[in-house]
Structure formats: C-alpha cells, structure tokens
**Q** 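If you scroll down you'll find the structure; I have some questions about it.
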Amino acid sequence: MASQTKYIFITGGVTSSLGKGIIAASLGKLLQARGFRVTIQKFDPYLNIDPGTLNPYEHGECYVTEDGAETDLDLGHYERFLNVNTSQSNNITTGRIYNNVITKERKGEFLGKTVQVIPHITDEIKSNFYKLGQEGKYDVVITEIGGCVGDIESLPFIEAVRQARWDLGPGNFLVVHLTLIPYLKAAKELKTKPTQHSVKQLLEAGIQPDILVCRTEYPLPNEVKRKLALFCNVQLDSVIEAMDADSIYDVPLLMKKEKLDERVLSKLNLKPKSKLDLKDWKEFLGKLKNPTAEVTIGLIGKYVSLPDAYKSIIESFTHAAAAVECRVKLILLSSEEISSENYQFKLKSLDGILVAPGFGERGFEGKIVTVKYARENKIPFFGICLGMQVAVIEFSRHVLGLKGANSTEMDPTTPHPVIALMEEQKKIDQMGGTMRLGSYACDLKKNSKTALAYGKNKIQERHRHRYEFNNAYLDQIQAMGLEATGKNPETGLVEIVELKNHPWFVGVQFHPEYKSTVLNPQPLFVSFIQAAIDKKNSKLLGN
Ligand code: GLN
C-alpha cells in the first residue's frame with residue numbers, strides 16, 4: 001500500500017500517565033504550524049465499545065465530538081491544541097474492533113474461515129489506523145496507542161503497528177516511544193534501565209522505535225542520552241528530553257526546542273510547507289502568564305477528587321482566562337460536603353460559581369443549596385448540563401413554591417417534574433451511546449447575556465444528557481423571571497436559561513466546554529470570568 005499520508009505511532013512505556021496525549025497533540029501542533037494538515041487518533045485497549053459507560057472516577061471525563069461520539073479525554077487535548085474537530089473515527093477501542101469483527105463473522109463475511117486475532121483482529125485494527133488517512137484530508141495521521149507496551153491487552157495493537165510499517169513502506173511510518181527516566185534521589189542519578197527494558201519489549205514485538213521522548217524531572221546529561229541511544233538502537237539526536245512543564249501549553253515550545261518536529265520531518269522525508277508559525281500560540285501563552293486580574297471561582301461537582309473528570313471545563317477556564325488576561329483560581333468543591341448548615345462558610349470566598357455536569361442523586365441537594373446562594377446573593381453563576389437542571393429545580397422550589405419539584409432522574413415520583421425524560425428516551429433500555437449526543441443548533445434571544453457573549457443569535461453546541469427542561473412548566477418559570485433565552489429551533493427544547501435582575505446567572509443544557517480551544521476560547525466562559533471580575537471589583541468598592 002503506497003501512501004501519500006504519513007503515519008506516526010506513539011507508544012508508551014515504563015508507566016502510564018506520562019502524557020502521551022499531550023506529546024501527540026504538541027507534535028501535531030508543531031507539524032500544523034509548518035503547514036501540514038494533521039489529525040490525531042487514539043486506540044484504547046479496553047473492551048468497552050466506547051468510554052461513554054465508564055465511571056469518571058476511573059477514566060476521567062468522557063469527551064464528546066461534534067458527531068456525537070463519546071470518546072477518551074485525550075481527544076479533547078487534540079482539539080484544544082489543533083483547533084480541528086475530531087470524530088467517531090478518531091477513537092477506537094478493542095471493544096469496537098471485536099464488535100466489528102464479530103458482526104462481520106455473524107454475517108458470514110469471512111467465508112467459513114477460522115476467525116483469529118491474527119489476521120482478522122489485526123486487519124480490523126489496521127483498516128481503522130488508515131481510515132482517516134484515506135479520506136485525503138490529512139498529510140499526517142498521528143496514532144496514540146493507549147496503555148503501556150507489554151500490557152497483555154495492547155498486544156494486538158502493537159502487532160498491528162509492526163505490520164503497518166510494511167504496509168506503508170519506508171519513509172511513511174514512524175514510531176515515537178514515550179518513556180520515563182526516573183531520578184533516584186539516594187543515588188543522585190537518572191536511571192535509564194526502565195527505558196531500556198520497555199524498548200526491549202517493543203523490540204521483542206518486532207518494533208524498533210525511531211524516536212524516544214523521555215519524560216524527566218531533570219535535564220538529561222549527554223552521557224545519559226548517549227547511553228539511551230546506544231542501548232535502545234536510536235540515533236543520538238532522536239533521544240528527546242521532555243522536562244516537566246508548568247503548563248501543558250508549554251509543551252509544543254519545549255518539543256520545538258528539542259527539535260522533535262525536525263527529527264520527525266527528516267525521518268519522514270518531509271519538507272516544511274511553510275515557516276513555523278506559532279505567533280497566536282505564543283500570544284496566548286504570554287497572556288496566560290501575565291494576568292492583570294485574579295478571581296476565585298468554585299467548581300461544584302461530585303467527582304472533584306479526580307480533576308480529570310472535569311478536564312474540558314478546567315481547560316476552558318485556562319483559555320478564557322488568557323483571553324481576558326485574568327488568573328482564575330479554580331477551587332473544586334464536593335457538592336456532597338455542602339449543606340444548608342455550612343454553605344456560607346464554604347462559598348463565601350467565591351467570585352463566581354459553576355455547578356458542574358453530572359449524573360445521579362449523590363451530592364444533588366448540595367448543588368441546590370449552592371445555586372440558591374448564588375441566586376440570592378447575586379454571585380455570577382454558570383450551570384452546565386446538570387448544573388442548568390439544578391438551577392431550574394431550585395427556582396421552581398424556592399421562587400415558584402413548587403414543593404418537591406425535581407428531575408425524574410433524581411425522583412421518579414416527583415409531583416413537579418420540571419426536568420423530565422422526552423418520550424423517545426423513555427423507550428431506551430441500553431446505556432451506551434443512547435443519550436442526546438453531539439452538536440445541536442440553538443437560537444438565542446436577541447440581547448440576552450448569551451447572545452451578547454457569543455456576538456450572534458445562532459449557535460451550535462454539543463450535548464450529552466438524557467433529561468430535558470419540561471416545557472409544561474415554561475410559562476410559569478418565565479413569568480417569575482427565569483427566562484428561556486436559548487431554544488432548539490426544531491424541537492423547541494429549552495437549551496439556555498437566564499435569570500433576570502441578576503448580574504450573570506446562566507444555565508446551559510449543552511456542554512460549552514467541549515468546543516473551547518486555545519485559539520477559540522468559549523464565549524460563555526469568557527463572559528462568566530468577566531462577570532466574576534466585575535463582582536470582585538464591586539465587592540472591593542463596598543457595593
Ligand atoms: N444527568 C443529567 C441528564 O442526563 C445531566 C447530564 C450531564 O450533566 N451531562 O440529563
């Protein structure tokens with residue numbers, strides 16, 4: 001298979017959590033900044049068909065694409081760095097591969113053959129490796145292989161990478177291996193042995209890495225680099241140091257300094273299409289690092305012990321904060337620990353309050369108490385998905401006086417189901433992939449806070465939820481001042497609520513955080529931070 005598209009595979013060794021996603025995104029950014037069209041895909045070795053059914057505690061946030069795929073959170077990094085949409089094809093799991101193969105087997109497509117890991121599973125993996133490249137839209141496809149080399153589960157992926165070298169031909173294929181060089185305090189030494197072992201494991205699987213990217217807390221002396229080159233069969237200038245960075249957004253510049261992009265281009269026989277252009281990126285970093293204001297914002301949710309569960313929200317704050325040159329001190333607070341007894345104490349230092357998305361009853365009443373506090377004390381409030389639903393429920397209970405008002409998710413027998421399931425959701429009995437997912441249109445009310453923030457009246461945002469605002473209560477709720485300022489033009493579903501007579505109180509049924517990127521900060525986050533700055537300033541003036 002001769003290929004126009006170049007393929008870069010990123011594997012990981014020694015430990016997990018070394019940041020393969022960030023390295024992939026940073027390399028992608030550098031290639032993009034030299035004029036190449038790049039996409040990044042992730043292959044995950046677990047058996048779930050997609051991460052939609054995974055507990056956020058275990059796997060962090062589930063990221064949602066425009067086309068409604070529930071994907072690994074690394075796809076969020078790819079979009080935030082490259083500013084290019086990903087899709088269902090950018091995240092493939094072992095579960096999906098097996099599902100595809102077994103479906104074909106049931107249809108008789110293998111013509112009586114014994115269906116085996118090699119070649120049938122590896123062929124299915126490879127056809128997914130090449131799928132995006134074959135669309136003709138990309139010069140370079142970067143593929144991140146999840147997990148660590150040597151894991152039983154990732155063996156078929158590694159075998160498929162080995163075979164891909166021969167499918168694609170020399171000069172079209174590259175393996176970058178990300179590894180860790182630990183520092184032993186007692187010996188005062190950086191140790192190369194774990195890396196040697198992980199490369200050995202790759203070699204046993206028939207793969208010679210072309211480039212080593214070495215995560216390290218200390219600079220790698222030349223003799224360490226030489227040792228790595230010698231024992232791992234790589235050229236000395238292909239041993240790349242990846243020092244811990246202050247911000248993930250520094251990594252592209254660090255990788256540029258280490259010439260990762262130049263090594264990749266030369267090994268793939270690629271000439272840069274343009275001069276490296278990182279002007280916007282540097283401008284963003286300049287603003288991020290030189291704030292002129294500071295606000296404290298509380299993120300209230302139930303998965304706060306694992307911040308990765310709120311990855312896109314946290315990153316959206318970073319992008320928006322840079323846009324307004326403000327430092328956002330984000331405090332993650334567990335809604336389970338907020339009650340009507342302690343809320344004053346817990347929330348009083350906050351200049352803005354965000355109630356996070358979520359599922360299920362746990363911590364729900366703490367969110368109600370939080371929204372009531374923000375509403376009554378005129379603290380800027382941003383409710384996302386479940387956060388918007390809580391705002392509607394709180395308003396119904398305490399302003400409309402609808403006792404027991406709730407979402408049927410939390411209380412199926414509530415007398416006032418102000419948030420409820422749509423008819424089509426009631427029929428669904430499977431969990432995976434059955435929510436309202438992906439991009440939907442929303443019409444904004446002219447001159448509403450949201451319309452002013454977006455600077456337009458028609459938007460598209462991504463969704464991931466089952467329950468909806470119940471329009472049977474719309475008139476009553478609006479009459480008392482909680483206005484529906486965003487609606488789906490086709491279904492009339494309420495997508496945004498805003499409180500009148502409040503400096504900034506916005507609840508959105510969609511997830512604005514999925515579309516925030518370094519170069520396109522999300523307008524509602526920008527406007528929310530601005531409102532928090534105004535609140536803080538007016539507090540300082542004693543208003
Ligand atoms: N649990 C709510 C629903 O399914 C909200 C989901 C969310 O916050 N993503 O509608």
Side-chain angles (χ1 to χ4, degrees), residues 50-57 59-65 68-71 73 76 299-304 306 308-314 316 332 334-336 353-368 370-371 381-394 396 405-412 414 417-440 442 461-471 473 486 488 491 493-497 506-516 522 524:
D50 62 41
T53 52
L54 289 175
N55 183 339
Y57 277 129
H59 215 79
E61 153 189 293
C62 171
Y63 184 77
V64 177
T65 57
E70 297 179 284
T71 71
L73 58 74
L299 188 164
I300 286 76
K302 73 170 181 185
Y303 312 114
V304 291
L306 183 72
D308 267 3
Y310 301 110
K311 193 87 209 163
S312 292
I313 293 180
I314 295 171
S316 299
L332 273 57
S334 164
S335 55
E336 282 179 273
I353 289 177
L354 184 145
V355 173
F359 294 84
E361 212 184 338
R362 194 159 49 78
F364 185 76
E365 292 303 323
K367 290 181 178 174
I368 293 273
T370 304
V371 174
F381 165 80
F382 195 6
I384 297 184
C385 208
L386 181 64
M388 175 265 204
Q389 298 175 355
V390 178
V392 172
I393 294 164
E394 190 280 322
S396 305
N406 216 329
S407 161
T408 51
E409 178 182 8
M410 313 303 158
D411 176 5
T414 168
V418 290
I419 303 290
L421 274 188
M422 298 293 295
E423 279 310 313
E424 59 266 31
Q425 279 285 344
K426 287 187 187 160
K427 295 180 226 128
I428 289 169
D429 59 358
Q430 292 220 356
M431 289 301 273
T434 54
M435 284 187 250
R436 176 145 85 108
L437 287 165
S439 183
Y440 285 88
C442 173
E461 291 285 2
R462 300 182 195 170
H463 291 245
R464 182 177 188 248
H465 58 101
R466 273 183 221 291
Y467 296 83
E468 305 279 357
F469 185 108
N470 182 348
N471 274 336
Y473 289 89
N488 181 307
T491 57
L493 286 171
V494 173
E495 310 282 33
I496 307 176
V497 292
V506 175
V508 294
Q509 185 59 82
F510 48 79
H511 288 263
E513 70 274 20
Y514 293 140
K515 277 175 75 166
S516 179
Q522 212 287 335
L524 293 179

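For ligands, and for the atoms within them, numbers begin at 1 and follow the listed sequence. In this chain, residues are counted from 1 in sequence order.
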**Q** Charged N to carboxylate O below 4.0 Å: is that the case for Lys302 and Glu336?
**A** no

**Q** Examine distances only and state if a side-chain atom of Asn470 and a backbone atom of Pro417 form a donor-acceptor pair shorter than 3.5 Å.
**A**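 Confirmed, Asn470 side chain pairs with Pro417 backbone.
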
**Q** Taking NZ, NE, NH1 and NH2 as the nitrogens, is one of them in Arg466 or Glu409 under 4.0 Å from a carboxylate oxygen of the other?
**A**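 Glu409 and Arg466: not salt-bridged.
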
**Q** With under 30° as parallel and over 60° as perpendicular, where do the rings of Tyr310 and Tyr303 fit, or are they tilted in between?
**A**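 Tilted, since the angle between the ring planes falls between 30° and 60°.
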
**Q** When rounded to the nearest 0.5 angstrom, what distance separates CG in Leu524 from CD in Glu461?
**A**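 Answer for the CG-CD pair, Leu524 versus Glu461, is 7.0 Å.
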
**Q** Is there a donor-acceptor contact under 3.5 Å from the side chain of Arg462 to the main chain of Tyr63?
**A**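 Pair absent, no side-chain N/O of Arg462 close to backbone of Tyr63.
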
**Q** Mind jotting down which protein residues get a heavy-atom contact under 4.0 Å with ligand 1? Chain and number order, please.
**A**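 For ligand 1, the residues that come within the 4.0 Å heavy-atom cutoff are Pro357, Gly358, Phe359, Cys385, Leu386, Gln389, Glu409, Arg464, His465, Arg466, Tyr467, His511.
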
